[in-house]
Structure formats: structure tokens, C-alpha cells
Amino acid sequence: ANLVLYTSQPNEDAQATVDGFMAANPDIKVDWVRDGTPKIMAKLMAEIEAGNPVADVLLIADTVTLERMKQAGHLLAYKSPEAANYDKALYDADGFYYSTKLITTGIMYNTAATMKPTSWKDLAKPEAKGLVTMPSPLTSGAALIHAQTLAGVPSLGWDYYKELQANGAIASGGNGAVLKSVASGEKAYGVVVDYMPIREKAKGAPVEFVFPEEGVSAVTEPVGILASTKNAEAAKKFVDYVLSEKGQEGFLKLGYIPARNGMAVPAGFPARDTIKVLPIDAAAALKATDEDLKTFSGIFGTN
Amino acid sequence: MAKLILHKLCKDYGTGKPAVNDVSLKIRDGGFLALLGPSGCGKTTVLRMIAGFETPSDGSILLGERVLSDASGAVPPERRNMAMVFQSYALWPHMTVAANVGYPLKVRGVSGERYREKVGEALRSVRLEQYAERRPADLSGGQRQRVALARSLVTDPDVVLLDEPLANLDRHLRQEMEETFREFHARSGATMVYVTHDQAEAMALATDIAVMSEGRLLQVAAPAEIYARPEGRLVGSLIGQGAVLSIPASGDDNRELDWQRLAALMTQGRAGGGTIDILVRPQDVLLGSEGLNATIETALYEGERYALRLRLDDGQVLRAHGRQPAMRGDRVKVVLSKAWRL
Amino acid sequence: MAKLILHKLCKDYGTGKPAVNDVSLKIRDGGFLALLGPSGCGKTTVLRMIAGFETPSDGSILLGERVLSDASGAVPPERRNMAMVFQSYALWPHMTVAANVGYPLKVRGVSGERYREKVGEALRSVRLEQYAERRPADLSGGQRQRVALARSLVTDPDVVLLDEPLANLDRHLRQEMEETFREFHARSGATMVYVTHDQAEAMALATDIAVMSEGRLLQVAAPAEIYARPEGRLVGSLIGQGAVLSIPASGDDNRELDWQRLAALMTQGRAGGGTIDILVRPQDVLLGSEGLNATIETALYEGERYALRLRLDDGQVLRAHGRQPAMRGDRVKVVLSKAWRL
Amino acid sequence: MPRLPANANSQPRWLFPFVTAVVAGLCVLPLARLVMAGISSILNGKALELLADPAIWTAAWNTLTTSVLGMIAAVAIGGFFALALTLADIRGKWLLSFLFMLPTMIPPQVTALSWVGMTGPSSPLLKALGLAPPLGSPQPLYSIAGIALLYGVQHSPLVFLSLRAGLLALPRDGIEAAKLAGASPWQMLKDIILPLSLPGLIAGAAMAFVSGVGNFGIPAILGIPASIYTLPTLVYARFASFGTSTFGDIAVLSGMIAVMAVVGLQVQEQALKGRDYRVIGLSGASATFRLGGMRLPLELLLWLLLFAILIAPFVALVSASLVPAYGVALSLKTASFAAYEEILFRQKVTRTAFANSIFLASATAFGLLVIGVLTGYALTRGGRRLAAALSAMIEIPYALPGIVISVAFILVFAAPLPLLGVTIYGTIWIILAAYFSSFFAVGLKPVVSALRQLDPALEEAARLSGAGFWRRLIDIIVPLIAPAAGASVILVFLIACNELTVSALLWSAGTQTLGVAIYNLDDSGSYDLASALSVLVVAMVVLLMLLLELMAARLPKGVVPWRN
Ligand SMILES: Nc1ncnc2c1ncn2[C@@H]1O[C@H](COP(=O)(O)OP(=O)(O)OP(=O)(O)O)[C@@H](O)[C@H]1O
Ligand SMILES: Nc1ncnc2c1ncn2[C@@H]1O[C@H](COP(=O)(O)OP(=O)(O)OP(=O)(O)O)[C@@H](O)[C@H]1O
Ligand SMILES: [Mg+2]
Ligand SMILES: [Mg+2]
């Protein structure tokens with residue numbers, strides 16, 4: 001049977017990744033399915049519940065999700081030789097999952113906006129009153145990680161979110177919705193993942209992306225192998241490939257910051273070492289997830 | 001009230017043959033016109049034009065001074081103050097019998113005690129008091145027809161259009177309903193137009209009878225007149241159960257012919273000079289020991305008497321009444337005591 | 001073909017009063033039964049049970065040896081090989097006239113030349129050859145009824161059910177159609193059940209007449225029999241246009257009463273001994289210079305003669321025929337030449 | 001003596017068991033499996049904890065209010081169009097009806113976004129009028145009323161088609177009788193026309209309500225910014241944080257949605273009860289109202305509504321497909337057909353998606369017509385009580401968010417089928433099965449209401465002609481309910497054609513649907529490609545509708561909804 005990949009990467013990216021892998025391993029054929037993280041997880045969990053998971057390899061948004069899979073015993077441990085080239089914080093010590101790239105969350109603004117924000121705090125200023133939008137952690141995995149990350153920064157914390165809420169910020173949909181909202185000028189500022197506004201700007205959209213001075217949160221699109229796989233060998237090859245220099249270059253070409261040490265950054269990004277990534281502990285974040293979601297929705301009023 | 005005038009009315013459904021063709025008719029104020037004619041001759045179409053459901057292809061309709069419809073436009077049905085019994089009843093299935101009957105009142109803003117009273121009265125007049133709360137679907141055919149009847153008589157319309165309103169009723173009810181019509185007509189003074197295929201009904205009710213055929217108006221006259229002096233074969237054969245015979249032309253202008261004259265003409269043989277049509281009513285055909293030779297073709301028991309169909313030796317058909325049972329094929333002699341030249 | 005047997009048939013629609021109540025009836029093989037009765041008496045319901053659209057609440061229906069319906073179940077209508085003319089026609093609006101008529105043939109797998117021939121023949125017999133390609137919605141009321149008629153006669157059914165099939169037709173067509181029924185009946189030998197409110201029609205066509213009232217069967221007999229010897233007030237008044245009088249009991253068993261006997265009874269006054277009902281037919285009421293005193297209540301012109309309603313001095317109503325015009329309120333004397341004790 | 005069959009009822013004996021089996025297979029089984037999956041979590045109280053959360057109840061309340069208000073809006077808009085276009089002498093009926101079918105084809109998110117754009121600071125229209133609110137002003141559509149309004153816009157064609165079928169069955173003479181009784185047009189509408197076409201109207205309203213209950217796209221875009229959650233958005237949120245209790249939570253939330261749908265159905269049954277809608281005699285109301293001086297204003301109003309409902313969002317869609325990036329103003333300089341080129345000639349997924357969606361949509365539409373007619377027949381002719389239970393079962397899947405249905409189907413079909421040993425999971429057949437389940441209610445409703453209006457004598461006459469069940473179904477019943485059958489096929493086709501949430505989880509390589517393709521493009525930031533594909537889908541549907549128009553002469557009267 002073919003190797004089956006479940007991924008939340010955008011279509012073209014997924015196709016490029018798979019094409020690259022198949023070019024490197026002509027004897028393995030890969031079928032892939034892509035969807036938003038919540039949907040792909042719903043699909044996978046339902047398959048597991050039904051006793052017949054189809055996927056062999058997962059390549060999805062955030063480590064928290066894979067940490068949950070790991071704890072539920074759905075993942076296979078594999079120590080990839082490529083791990084040596086990676087920062088220890090970027091993969092699971094037992095080899096259950098490996099980060100593949102950095103997708104940071106920062107601030108975008110419409111070029112028509114009067115204030116040019118440089119820090120997270122700027123979004124709570126009066127100039128931004130009613131003009132800020134961000135993705136909801138209930139919809140987007142990256143947004144959840146982002147909230148958990150900022151909440152852990154002493155100078156920001158949940159109080160920062162309360163200020164935002166008081167300043168008329170809204171938490172809506174996913175990153176795509178934020179992008180549209182800001183690009184169309186409906187809102188002036190948005191909290192959003194980096195590659196979207198950078199790509200759109202390149203196409204001519206009236207937007208700008210900034211890496212705030214406090215630092216950015218990041219999701220790392222980890223890869224992991226399902227415990228139930230019948231294609232373990234091929235799956236391991238796939239993991240090795242995405243972690244390899246070749247695989248990482250592929251991501252770079254697609255406009256992402258590779259996770260591997262010593263790689264360049266895509267056009268439009270500041271140099272890798274000037275980007276300050278705020279740390280997050282996947283296991284701890286997982287434990288706090290329900291609590292954090294509640295806190296967040298408490299602030300933004302789903303009650 | 002006022003005169004209802006149809007002026008050169010035409011209606012063509014686009015089927016090639018006009019359904020109504022050049023019909024002109026005056027119905028006097030408070031008149032009661034019966035419209036008679038074979039199936040498909042355009043009676044319903046005339047009614048529908050009077051009501052305003054069909055726009056005439058040509059001609060006009062007036063009620064007194066008021067133009068109801070002509071080339072320039074038409075008054076919509078809801079503002080004509082007419083009532084109609086549809087051939088298909090047209091009851092509203094979602095309303096009870098009482099609501100069906102009371103609807104024209106409701107529309108006119110009648111309510112409360114007066115509404116109940118009027119509806120009750122109308123239902124009583126058609127013997128349906130006990131069915132007030134039923135739905136039309138749960139009624140028998142005749143009962144449905146009576147609901148439609150009650151509905152048409154519940155208000156005070158200027159014109160009442162009745163399309164075979166008694167077709168599905170038994171004799172007793174029919175007589176009662178005829179009585180009801182007569183009373184209603186006398187009381188309200190409404191102009192009534194009554195389509196029927198039953199000549200006896202028409203005679204019994206109407207002040208005028210109009211006979212149509214293939215979209216054309218053949219004759220309009222009072223019942224006695226049209227019975228006594230029908231114009232043309234069709235009217236003659238439609239009114240009264242007479243038979244039409246073709247006999248050699250008499251040459252004179254007299255239209256009433258007696259047996260002497262008839263015997264002379266009919267025995268004289270087919271000498272030139274053309275033929276004329278005469279109408280012979282069954283009651284004027286006397287069976288006896290003299291007269292023309294005829295053969296009994298059919299003899300139908302009608303209760304009171306036998307309806308006989310006779311064939312004369314020259315092949316023409318006569319109708320007669322007989323008191324005695326008769327057999328098909330029996331030879332008889334007949335005298336025609338009276339005939340009418342058409 | 002075989003005998004159609006209704007055995008203790010009941011139908012209750014759940015309205016409190018059964019629509020059909022304990023009706024038992026045998027229609028002989030190839031018989032022609034006319035079902036007569038006032039509006040709402042249950043005629044259509046009987047037909048619908050025979051056809052299988054309603055399951056009887058009680059009782060059974062047999063066609064020869066074959067049980068069509070009883071407590072244990074019923075043969076579905078589509079396997080009864082019957083045909084019916086519905087009171088509401090039930091034509092299919094999406095099909096042409098020809099397709100409506102031909103549908104029973106199509107279902108039976110008849111096609112090609114034979115199909116066209118049969119449909120053509122059926123349409124010809126109801127005079128609708130020219131309307132074959134019309135839709136029912138574009139026909140007149142009588143034309144629709146004729147389509148329904150043609151549809152019911154196009155196949156060779158075992159039983160034909162006719163629910164007031166001629167109600168909307170004029171006299172000429174009616175006579176032609178009666179002829180068609182008679183021919184069809186003779187040719188096919190099908191058992192016919194014919195609902196009508198027209199006693200003359202029933203008499204003319206049927207081999208047997210059944211009279212119903214309020215769901216019950218009152219009398220079944222041959223036409224002459226039921227005319228001559230009606231049982232009970234209702235049958236008496238329904239068959240022939242007789243009037244029913246109440247007179248002092250005669251004390252003897254003779255049911256045919258002549259004028260002598262009647263005069264004696266009626267003038268003897270209301271001495272004890274109870275009363276009896278007698279039926280007096282209009283043709284037996286002779287207006288003259290002697291006899292009972294009566295007042296003319298209404299005199300309706302019927303063409304051939306006047307239909308008179310007379311009120312006797314004791315308040316009872318009589319019906320009579322008069323040749324001369326008569327005025328309301330005229331005093332006359334009548335002799336009752338014949339009467340029948342009900 | 002030969003034994004008699006047990007009933008002379010018009011249903012063949014196999015029909016009711018068959019229908020029950022179909023409903024059990026399509027509707028009950030998947031949902032039962034979902035509940036089973038959640039049962040441990042329900043048992044250990046985790047899922048029930050959910051019910052103690054006031055947020056759930058707020059969401060339930062929001063769902064209810066938005067759906068009810070949305071239904072009212074849909075009835076108002078769709079009903080207005082249906083009445084005006086079937087009963088009045090409006091000019092250009094053909095075009096108006098034709099265009100009015102299309103809003104169903106524009107994905108709800110697109111409609112929502114274009115309305116937001118249309119009324120927001122960057123609205124070209126408002127800018128041109130100088131009425132554009134300043135950057136960042138509050139958006140009035142982010143509210144219960146806004147969501148309801150868009151539900152109304154999105155679902156009004158459902159009401160339109162269903163009511164129209166009811167109106168076409170009106171008895172002509174019944175309307176004439178009302179006119180002659182002196183009823184003004186308004187009274188006639190109120191007393192005769194609407195009550196008589198109530199089955200169609202209520203069916204449309206019920207579909208609009210249930211569609212609102214299950215809608216995700218609109219509250220996701222309009223609700224979440226204002227912190228208005230509905231049960232479907234909450235369900236998605238549950239999936240976002242997949243945990244051990246998720247199946248239990250989903251089962252509980254679905255249960256709440258199901259209860260809402262069933263209550264709605266009950267209300268509908270009550271509204272229809274105790275009345276008779278069987279039309280006696282010939283039906284077919286032709287244009288009944290002459291509008292006179294009212295005609296022009298009414299026509300203007302119709303076109304204005306159509307502009308807001310269809311043309312504006314569609315123009316937004318087209319312009320988004322012509323500019324290279326979101327937020328770039330469309331001008332001659334910025335416009336390019338690059339997106340179409342890419343979609344048509346480079347993306348091979350486009351062709352697959354078109355083929356799959358057309359196959360799925362037509363198979364579902366016609367399959368459900370067959371099942372719907374059989375089921376409708378059994379429901380209207382059979383016992384009331386069982387029928388009510390079956391209707392409820394059929395209703396629920398349509399009310400549930402697509403993601404729940406698809407999860408339920410994965411639970412049932414991920415493992416190989418017992419006995420057969422083959423698995424349909426991962427093939428196109430599982431999507432088809434899920435569509436059957438999900439759109440059963442849409443296909444069934446118009447058919448049932450038309451059967452309710454049918455004069456029973458017409459079928460009786462066919463039976464006496466000797467026509468067995470199938471025969472009269474094909475020859476008599478289906479042609480007689482043709483307008484409703486047409487509505488059913490077209491509705492299901494349109495909805496299935498750009499359906500997203502059901503197929504989102506069920507597709508796999510090679511079985512992408514158009515909805516999935518558009519969503520994926522959109523989700524990965526290729527807005528221009530997504531818009532271009534959406535435009536192409538609309539174009540395809542218009543093409544198919546024109547094809548239908550060409551065949552119209554050979555179809556029964558009333559099937560093609562834009563023909564009168
Ligand atoms: N579906 C029904 N539900 C309740 N009652 C009904 C139903 N159909 C008929 N009835 C009642 O049953 C009785 C008999 O009805 P049926 O139709 O058999 O009368 P009928 O003899 O055919 O009368 P008509 O000559 O007026 O057609 C009537 O009183 C009628 O009101
Ligand atoms: N909508 C229509 N389209 C085409 N032709 C029609 C339409 N309605 C009636 N006709 C035709 O017009 C003629 C007159 O019809 P109309 O209904 O007026 O007859 P009628 O005198 O009432 O007959 P009946 O006594 O049978 O009811 C008939 O030949 C009929 O076929
Ligand atoms: Mg007529
Ligand atoms: Mg009847």
C-alpha cells in the first residue's frame with residue numbers, strides 16, 4: 001500500500017513536500033490528505049475509534065497536538081539520525097515527533113493604518129481601539145499556542161488579553177479570516193502567522209508584517225509516525241527526508257523558516273537570529289489547554 | 001339592479017374554433033335566464049366571461065350603465081358583486097363547510113351574530129345544518145354541490161351565475177332547491193343566469209331561455225314561447241322531446257300543421273318543391289288503428305309510461321309515449337295530431 | 001363473469017353515524033343494478049367499497065367464489081379488474097384525453113394498432129374524436145365526464161361502477177350514452193352498478209333497482225316491480241313523482257285501491273282504527289268536475305304540460321299534470337283513479 | 001378459497017419495511033455509532049459536565065434565535081419571490097426565477113464576506129456613495145440579527161422552490177371562487193392561497209430553519225468576532241482541542257441540535273395537523289394577480305433584492321478572482337486572468353473535483369428522488385405515529401453540522417464492511433452515502449408536501465385501471481408532483497454541488513469535491529484561485545441549468561422552476 005500522509009500544510013506546500021520526497025524515494029508512493037488541524041484530527045480520531053486508522057505519517061500544525069497523541073499512545077517512537085542538526089527544544093526526546101519549520105505569529109497591519117505597531121503592547125493603545133483582530137484559539141491551533149505563549153510572558157500574561165478585549169479587539173475564525181479582514185481594510189491590525197501577509201505583500205496587497213520586539217510565538221509543524229502504521233520503514237524514510245537538508249530547503253523555497261540549524265530564511269523575513277522566538281513547553285501547554293481555552297473564552301466572552 | 005347586457009361576445013381559446021361566437025343578449029333587471037345547450041357549446045365560457053375570469057376576445061359586457069368588460073379593460077371579478085356555483089364546485093378544502101359558506105360574508109365584513117345567523121340560514125336552506133363542521137373532502141358529491149349552492153346565495157349579489165347547480169342532486173332535493181332559487185330570486189331581485197342541461201328545470205325556473213349551440217346563440221325567448229315556437233332543428237329537438245321530420249314543402253306560410261295537412265303532405269310523396277323540417281312532440285303522436293305505418297324500435301320503461309322510438313316506413317324516427325308494454329319490432333299505426341314547422 | 005355479492009356491508013367513517021349500514025345485495029351475473037337514493041345516503045361509499053378504495057368496517061364482498069374483501073383482508077383495487085366513473089371524474093391532468101382513455105389498455109399491455117383502434121372507438125362512442133389531443137383542463141364539464149366514461153369502457157372489466165356518469169350531459173348525449181351503456185352491457189356481459197339520482201335513467205337502463213336511504217337498503221327489485229309495488233314512503237315518493245297521502249286505514253289487505261274505495265275511506269272521516277300511507281301518482285290524479293276539493297299551489301310549465309301541486313282541503317299535498325295553464329289559488333276537483341298502499 | 005393479502009392499502013407490503021430499513025441505514029446507524037463512541041465519556045460524566053457549562057446554553061439559545069429569525073427572513077424573501085413570480089404578472093419571470101436559484105451556489109462564507117465587505121469601510125459601493133464608515137467602525141452584521149439576515153439570504157431559495165411547488169398545485173377554480181366572493185388580493189392571499197399551499201410553505205420554512213441550525217460558515221464569520229457562538233461553531237471548537245471526551249461532547253452537542261430539529265419538526269406537524277390540503281379537481285393556478293400600477297415598483301424591489309442577494313456577492317467573487325492578492329483594488333491595471341489560467345490549465349485537481357462533484361451531486365439528487373418518492377409515499381399513506389418517528393430520524397442528519405455526519409460515517413465505515421469484507425472508506429462511495437444521509441430531508445420535504453396536496457381520486461383511478469404500485473408511481477404520481485420533484489432534484493443538486501463540510505473529512509486522494517477544493521485553496525491563502533474556482537462552479541451550474549432549459553419541453557410541466 002502507499003504511504004498515507006495527513007497534513008495541515010496548504011495544498012501546494014503539501015504537494016511540493018510529497019513531490020520532493022517521491023523524487024528522493026522513487027519506490028515509495030505517497031497519498032496525502034490535507035485539512036485544517038481540527039478537521040484532520042477529527043478524521044484521524046474517528047478512524048482510530050473505528051479501529052482502522054488510515055494515516056501512516058502526520059505532519060500537522062503544532063507540537064501540543066502531537067504531544068497529546070503521544071500521551072494517548074498513538075505515536076511510534078523513531079530516533080532519526082537527522083535530529084543531530086536540530087535544537088533540542090524542537091523535537092521530542094523520545095523521538096515521537098520532530099519540528100520541521102517555524103511558523104511565527106506576529107502583527108500585520110494595513111498600510112492605510114496610522115500607527116505602525118512595533119510591539120504587542122501597541123495593540124492595546126487607544127490608536128488601535130476597535131481595529132484589532134486575531135484568530136480564535138477555538139478555531140486555530142497556532143492561535144492557541146500563541147495565546148499560551150504570550151500568557152506565559154511575565155510582561156504580558158492574561159492581563160494583556162484583558163486589555164486587548166477592553167480595547168475592542170476581537171478573536172475571529174482562523175488566520176485566513178484575519179488576513180482578509182486586515183487586507184480589505186475592515187480592521188487595521190491583525191495577529192497572524194508570518195507567511196500569509198508576507199506572501200500577500202509580495203503579490204501587491206496593502207499589508208505589512210512586523211515581528212514585535214517582545215518576541216513572537218511559533219508553531220513548528222512537527223512530523224510523527226502513527227503507532228498503527230503498516231509502512232513503518234517508508235514512514236521513517238519520510239521523517240528523515242523532511243528533516244534532511246533537501247527537505248528543509250523545500251520548505252524554505254515555499255516561504256517558511258526551516259527548523260534545521262544553519263539554514264537561510266525566505267525573502268521578506270529578517271535574519272533567523274534576529275527573530276526572537278518565545279519558548280513554550282509542549283507537555284505543560286497540553287496539560288493547561290482546557291484551562292487556557294476557558295480563560296481565553298472567559299475574557300473574550302463566550303459565556 | 002340593472003340590465004345585464006352581452007354585446008357581440010366572442011371567446012377564442014386558440015383552439016381554432018371559437019368557444020363563444022358573437023353572442024348578444026340582454027337580461028332584464030331581475031331576470032332569470034336559463035342557458036341551455038349541448039355539452040361543450042360554450043355555456044360555462046359565457047358564465048366565466050360574465051364573472052370576469054376570462055377576458056372576451058371581442059365584444060363587451062355591461063351591467064346597466066357600468067361597463068364590466070370591453071376592449072379597453074375589465075372590472076376584476078372581486079369588484080363585480082356576483083356569485084357563482086361552479087360546475088366543479090370550487091370548494092376550499094382547508095375550510096369547514098360553515099367557513100366555506102360564510103367566506104363571502106367574512107370578506108364583506110359581516111361578523112358576529114349576523115354572520116352566524118346568515119350562515120346557519122344558508123346551510124338550512126340546503127339541508128346541511130348538521131354538516132357545518134365537516135371538511136368538503138368528507139362530504140358526498142351532492143352535499144358538496146349544496147355547499148357551493150349555499151355559498152352563492154349567502155350574500156346579496158347583483159348577479160348569480162349557476163353552472164349546472166343541481167346536476168348531482170336527487171329529485172326531492174332538486175325540487176326543494178328549485179324552490180329555494182325561486183324564493184331567493186323573488187326576495188333579492190338578483191339577475192340569475194342558470195346553466196342547465198335539463199330542459200324541464202329551465203322551463204320551471206326561468207323567465208327566459210337561451211339556447212346555444214357550438215358557441216352561437218340560437219334563440220332567446222320565454223319558456224312557453226320557445227316551447228311552442230322553436231326556431232330551427234336544434235332548438236326544436238332540444239326543447240321538449242320532440243322528433244324532427246323532413247317532409248315535402250307545404251307551400252303556405254302556416255307554421256302550425258294539423259293531421260289533415262300533414263297526412264296530405266306526407267302521402268303526396270316526394271314531388272319536387274323541396275322539403276321542410278317539422279317538429280312532432282311525443283304527446284302529439286297518437287297510436288291507433290289508422291295513420292302512418294311505423295315499427296317500434298325501442299320501448300323504454302319510464303315508470304309512468306313507456307318511451308317509444310318509432311321508425312316510419314320512410315326511415316324517419318318519431319318519439320311517442322305508450323301506456324302499454326310494447327315489443328321491439330311491433331307494427332303500429334300513428335296519427336300526428338299536431339306539428340310545428342321549424 | 002360471476003355474481004357480485006355484498007354481505008352485511010357496513011362502513012363507518014367515524015362520524016358517529018355509519019355511512020353504509022348492513023347492506024346485503026346480490027347482483028346476478030351480468031346484471032345491471034341501478035343504485036338510487038337521496039344525496040348523502042351512501043351510494044358512492046358502496047361503490048368505493050366494491051372497488052376496494054374503502055375497507056368495509058364490517059361485512060364482506062364476493063365476486064362469484066372470489067372473496068374481494070372481508071374481515072381478514074382485501075384484494076387491492078388494481079387486481080379486481082373493475083372500471084369506474086368517478087363522481088369527480090378523476091382525470092389525469094398531465095395526460096391528453098387519448099392518453100387518459102388509453103391508460104387502462106396501456107397497463108394491460110395493449111399497444112400498437114389495437115391500442116389506437118380501441119381508444120379511437122371509445123372516444124367515438126362519447127363523441128370526442130376531435131378532442132383526443134386536448135388536456136382535461138381545456139375541456140368543458142360535460143366533455144370531462146365523457147372522457148371518464150370512455151376510460152371506464154375501454155377495457156373488458158368484470159364489473160363497471162358508474163357514479164352519476166351522465167349528470168352533466170344534455171338530453172341528447174344522455175340518450176346516446178344510455179344507448180352506449182346498453183350496448184356495452186350486452187356485448188361485454190359485465191356486471192354494472194350504476195348510481196344515479198334520475199329515476200327515469202335508472203328505469204330505462206337497469207335490470208334491477210336498489211333504493212337506499214341513510215345508509216340502509218330499502219328495496220331491491222326490477223324496475224316495473226319497484227314502480228308498481230314500492231315499499232315504504234321513501235321508495236314510493238322517490239320512484240315516480242307520486243305524492244304520499246295519509247288516509248284512514250282500510251282494514252283489508254288489498255294494496256291496490258281504486259277511486260271507489262278511496263272516496264269511501266277519505267270521506268268517512270278520521271274515525272279511529274289508525275291511518276295508512278298511500279301513493280298517488282300524478283297521472284292518476286284527474287282534474288274534473290267531481291271528486292275531492294283542492295287548491296292549486298303551484299303550476300310549473302314543463303313544456304309538454306303543467307306540473308301542478310295541489311293542496312287538499314285536509315292540508316295534504318298531491319301532484320298532478322295539467323294540460324291547461326292554471327293559476328295559483330284556483331279551486332279544482334280531483335278524482336284519484338288509482339292508489340297504492342305503501 | 002384463496003387467501004387474501006393482508007391489506008388493500010395502497011402501499012405494497014414491502015414498502016414500509018424498506019423505508020424503515022433505508023432510514024435506519026442512512027440516518028439511525030451512523031448517529032447511533034457516534035453515541036456509542038461517546039458513551040464511555042457520557043457515562044463517566046465528562047460529557048455531562050458540558051451541560052453544566054452555561055456557554056453551551058448560550059450557544060443553544062443563539063442557535064435557536066438565529067435559526068428562527070433566519071427562517072423568518074428566508075420565508076419573507078423566498079415567499080415574496082415565490083408569490084410574485086408564480087402568481088403575479090411580473091415581467092422577466094424567467095430571468096428572475098433563474099437567477100434566484102443561484103444564491104445557494106455561492107458558498108456561505110463568500111456570501112458572508114461579501115456582505116461584510118459591502119457594508120464595511122472598504123465597500124466600493126458605499127465608497128462611491130461617500131457613505132463608507134471609517135476604518136474599524138463596528139460592523140452591524142456581527143450580531144444575531146446579521147447572522148439571521150444572512151441565513152435568510154442563503155436559505156430563501158429553499159423556501160422559494162418549495163412554496164412554488166405548492167402554489168402550482170393550487171386549484172384554479174378555488175381561487176376564482178374567492179375572487180368572486182369579493183376577496184381583495186390580500187384577503188385571498190391570506191385566506192385561500194397561503195392556507196392551501198401551507199404544506200409547501202411549511203416544508204420550505206422547516207428546511208430553512210434546519211439549515212440554519214446546522215450552518216457553520218455564516219456564524220463562523222459573523223458570530224465569532226462578536227463572541228456569538230452557535231452549537232455548530234462550538235462543535236468545531238471541540239474538534240480543535242481533540243481530547244478523550246471529544247466524542248462524548250460531540251454526541252451531547254449533536255443531541256441538542258437533534259432535539260432542536262425534532263422540536264422544529266413537531267411544530268411543523270402541529271401547524272399542518274387537522275387540515276385537509278387535498279386539492280379536489282383540477283389544479284394549476286395561472287397568473288392570478290394583475291398588479292397594474294404596482295407592477296413597476298414591485299419589479300424594482302425584486303431586482304433590488306436579487307442584487308443584494310446574488311449580484312453583489314457574485315461581483316465580489318468575480319473581482320476577487322481577478323486581482324492578484326486580497327485587498328488590492330480591482331482596476332484595469334491590476335486585473336488578470338492568471339487565476340483562471342492556473343485553475344483551468346495547471347491545477348489537475350480542478351478536473352477531478354468537477355467530475356467528482358457533478359457525479360456526487362447528480363447521483364444524490366436522483367437517488368434521493370427515488371428514495372424520497374418512496375419514503376414520501378409511505379409517510380403520507382401510512383400510519384401517522386410511525387411516520388412521525390421516521391420523519392424525525394430523517395430530519396436530524398440534515399440539522400447536524402457536516403463534520404458530525406462525516407465523523408459518524410467514518411466511525412461506521414472506516415473498518416471493512418462485515419460479511420463483504422470490502423471497505424468503502426476512502427472511496428467516493430462513502431461521500432455519496434453521507435450525502436444521502438445528510439440531504440435526505442431536503443430531497444424528501446417538497447415531495448411529501450406535494451403528496452399531501454394530491455387529490456387521492458387520481459391515484460384511485462389509476463389503481464382501478466389495473467396499474468400496480470410502480471406503474472402508477474411512474475405514470476401518475478411522479479408526473480403529478482413534478483414541480484415538487486423538480487424542486488427536490490434541483491435543491492439537492494445545488495446544495496450537494498458546493499457542499500463542503502461533509503466531504504471535508506471523507507475525501508481522500510482522487511475524491512476531492514469542489515467544496516473541498518475551494519476550501520483548501522482558500523485556506524492556504526490562494527484566495528484568487530479559490531474565487532476563480534467558485535466563479536467557475538457558478539458558471540457550470542448556470543450551464544447545466546441552461547441545458548435543462550433546452551430539455552424543458554420534454555419534461556413534465558412545472559419541473560423546471562424558472563419556467564411558468
Ligand atoms: N371521507 C368521509 N369522511 C366522513 N364522512 C364521509 C366521508 N365520505 C362520505 N361521508 C359521509 O357519508 C355519507 C354517505 O356519503 P356518500 O358519498 O356515499 O353519499 P352518496 O350517496 O354518494 O351521495 P351523493 O348522491 O350526494 O353523491 C354522507 O353523509 C357523507 O357526508
Ligand atoms: N381552457 C380551454 N382551452 C381550450 N378550449 C377550451 C377551454 N375551456 C373550454 N374549452 C372548449 O370550449 C368549448 C366550450 O366550453 P364550455 O366549458 O363553455 O362548454 P359548456 O357549454 O359549459 O359545456 P358542458 O355542458 O359540457 O359543461 C368546448 O368545446 C371546450 O372544449
Ligand atoms: Mg360547462
Ligand atoms: Mg356520491
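Interface remark: R182(C) contributes side-chain atoms only to the contact with chain B (heavy atom separation under 4.5 Å). Within the 4.5 angstrom heavy-atom criterion, only side-chain atoms of R174(B), from C-beta onward, approach chain C. Using a 4.5 Å cut-off between heavy atoms, Q145(C) does not touch chain B at all. For R146(C), the part lying near chain B is the side chain, with the backbone staying farther off; criterion is any non-hydrogen pair under 4.5 Å. Contacts between Q143(B) and chain C at a heavy-atom distance below 4.5 Å involve backbone atoms as well as side-chain atoms.
Annotation for E225(B): atom CD counts as buried by contact number, over 12 foreign heavy atoms lying within 6.0 Å. Within 6.0 Å of CD on E297(C) lie more than 12 heavy atoms contributed by other residues, nucleotides or ligands. Atom CD of E214(B) sits in a sparse spot, with 12 or fewer heavy atoms from other residues, nucleotides or ligands closer than 6.0 Å.
Note: T15(C) leads I226(C), L139(C), T15(C) in heavy-atom pairs under 4.5 Å with chain B. With respect to chain B, the highest number of heavy-atom pairs below 4.5 Å among R281(C), E178(C), H172(C) belongs to H172(C). Most heavy-atom pairs under 4.5 Å with chain C, from the set A19(B), A167(B), G42(B): that is A167(B). Between chain C and the residues P282(B), A200(B), A307(B), A204(B), the most heavy-atom pairs under 4.5 angstrom are made by A204(B). Note: S140(C) leads G37(C), C41(C), S140(C) in heavy-atom pairs under 4.5 Å with chain B.
With hydrogens and angles disregarded, a donor-acceptor distance shorter than 3.5 Å links the side chain of D170(C) to the backbone of S39(B).
From D163(B), atom CG reaches atom CG of N168(C) across 8.0 Å, with rounding to the nearest 0.5 Å. Between Q175(C) atom CD and R319(B) atom CZ the span is 4.5 Å, to the nearest 0.5 Å.
The shortest distance between side-chain heavy atoms of H197(B) and L169(C) does not fall below 4.5 Å.
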